[in-house]
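The first residue of the sequence shown is numbered 1, and numbering continues consecutively from there. What you see is a predicted model; the values in this text were computed from it and never measured. Counting starts at 1 for both ligands and their atoms, following the listed order.
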Amino acid sequence: MAIKITFGIQKGGSSKTTTAGITAWMLAQEGYRVLAVDMDSQANLTDLLTQMDIEEFEGRTVLEAIKAGNPNEYIYRATDYLHVLPSDDYLSLLARYLYTEHPNDWNMVLRRVLSHVEDDYDYVIIDTPPSLGEPVITSLCASDYVVVLCESSKWAFTAIDRFLETVAHAQIHYNDSLKVAGVLRNLIDGRRSDSKAFAEIIGDKYSDIVFPQVVRRKAATGRISLNGFEDNAELTAAISEYKPFYEELMRRVGKVND
Ligand SMILES: Nc1ncnc2c1ncn2[C@@H]1O[C@H](COP(=O)(O)OP(=O)(O)OP(=O)(O)O)[C@@H](O)[C@H]1O
Ligand SMILES: [Mg+2]
């Protein structure tokens, strides 16, 4: 059964998608079978991992999978090991669909949908939008772990407690097996004293759950959104920046078949 990991925080631009995408790609590179689920109507993870025009997925996304109750027909095979359940703008209609069709157990819908394929994968990586809304809650209810993303700024810092409250709500009411894998400090800008200061403040306040490894702001990492995972020197630089976090994440969530 796959280990399911959600990447989230309601603060926008905190590297949720970039980190989820790189993690999914690194797992697939190691030979793990990975399903990346895009729960954000911005469809950035879909773009990143497929390098296709999002419009090509119209009518074949995670929203249709949720409506069908089974994702099988909607999974796009980016590579042999890396599969994607894509998203597009229409996923913004998810909340309305959930409340209309599943008013009593809407939060468990994604969990049920993914249960049909979780034996086909080692890891399921779920990217979420910058919100505390339904796509995030249904993702938390479907997951074993959540990685809390945090760029190094005041507004990201103040978002963490509220995000952790949402996680606690999901744990208490719906999914008692959900665990916080950790808080990842990302986009640390070594040239800015405020960025380094917030990295320290976050590290001190969340010392029990923070990843000791930070991910610095690197132009090469930003350009993954342009180049995808085509082999190039920049990709190597971006991946090496993420490697320490990735290894710690694997230690915390466990390697399948170890
Ligand atoms: N470590 C990094 N170094 C440099 N640029 C980065 C890094 N991580 C992410 N970026 C860039 O920062 C921007 C925000 O990243 P990303 O889209 O992954 O964040 P997000 O949290 O998913 O955003 P949203 O809340 O809109 O979903 C993107 O342009 C991305 O390419
Ligand atoms: Mg995103």
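With waters neither drawn nor counted, the protein N/O/S atoms under 2.8 Å from the Mg ion (ligand 2) amount to 1.
Minimum interatomic distance between Leu45 and Val37 (heavy atoms only, all atoms of both residues): CD2-O, 3.9 Å.
Remark: side-chain polar atoms of Asn175 are not paired, donor with acceptor, to backbone N or O of Ala170 under 3.5 angstrom. A side-chain donor-acceptor contact under 3.5 Å links Glu241 to the backbone of Arg216. Remark: the backbone N or O of Arg192 is not paired with any side-chain donor or acceptor of Ser195 at under 3.5 angstrom. Not one N or O on the side chain of His102 forms a donor-acceptor pair closer than 3.5 Å with the backbone of Met108. In terms of modelled atom types and a separation under 3.5 Å, the side chain of Glu58 and the main chain of Glu55 share no donor-acceptor contact. Side-chain atoms of Arg33 come within 3.5 Å of backbone atoms of Asp120 as a donor-acceptor pair (strictly under, hydrogens ignored). Here the side chain of Thr6 pairs no donor or acceptor atom with the backbone of Val146 at under 3.5 angstrom.
Here the shortest heavy-atom distance to atom 20 (P) of ligand 1, taken over Arg217, Gln42, Lys16, belongs to Lys16. With atom 15 (O) of ligand 1 as the reference point, the heavy atom nearest to it among Asp127, Leu48, Thr18, Thr128 is part of Thr18. When the options Ser131, Gly8, Gly222 are ranked by their closest heavy atom to atom 31 (O) of ligand 1, first place goes to Gly222.
The cationic atom of Lys16 (NZ for Lys, CZ for Arg) does not lie both less than 6.0 Å from the six-membered ring centre of Phe7 and within 45° of the ring axis. Remark: Arg185 fails to qualify as a cation-pi partner of Phe198 under the 6.0 Å distance and 45° angle criteria applied to the six-membered ring.
In summary, the atoms of ligand 1 found under 4.0 Å from a heavy atom of Gly12, numbered by their order in the structure, are 25 (O). Close approach of ligand 1 to Arg216 (heavy-atom distance below 4.0 Å) involves ligand atoms 1 (N), 2 (C), 3 (N). Atoms of ligand 1 lying under 4.0 Å from at least one heavy atom of Asn186, given by number and element, are 1 (N). Within ligand 1, the atoms closer than 4.0 Å to a non-hydrogen atom of Pro130 are 25 (O), 27 (O), numbered from 1 in the order shown. Remark: ligand 1 atoms within the under-4.0 Å shell around heavy atoms of Asp40 are 27 (O).
Annotation: atom 4 (C) of ligand 1 to nearest protein heavy atom, Lys218 O, 3.0 Å. Protein heavy atom closest to atom 10 (N) of ligand 1, with residue, atom name and distance, is Leu187 CD2, 3.9 Å. For atom 2 (C) of ligand 1, the nearest protein heavy atom (residue, atom name, distance) is Thr221 CG2, 3.5 Å. Scanning all protein heavy atoms for the shortest distance to atom 23 (O) of ligand 1 gives Gly13 N, 3.1 Å. Scanning the protein for heavy atoms near atom 19 (O) of ligand 1, the closest one is Ser15 N, 2.9 Å.
Classification of Arg251 and Glu248 as a salt-bridged pair holds, one side-chain N sitting under 4.0 Å from a carboxylate O. Ion pairing between Glu234 and Lys218 fails under the 4.0 Å rule for side-chain N and carboxylate O.
Neither the backbone nor the side chain of Ile224 has any atom closer than 4.0 Å to an atom of ligand 1 (non-hydrogen atoms only). Of all the heavy atoms of Val215, the ones lying under 4.0 Å from any atom of ligand 1 belong exclusively to the side chain.
With hydrogens and angles left out, the side-chain atoms of Ser115 and Glu118 include no donor and acceptor closer than 3.5 Å. For the residue pair Tyr99 and Glu134, a side-chain donor N or O sits within less than 3.5 Å of a side-chain acceptor on the partner.
For the ring pair (Phe, Tyr, Trp, His ring centres under 6.0 Å) test with His83, the passing option among Tyr76, Tyr121, Tyr32 is Tyr121; the others fail.
In this structure, atom 13 (C) of ligand 1 has no protein heavy-atom contact shorter than 4.0 Å. Note that atom 29 (O) of ligand 1 has no protein non-hydrogen atoms nearby, at separations under 4.0 angstrom.
Polar contact with ligand 1: absent for Asn44 (N/O pair, distance under 3.5 Å).
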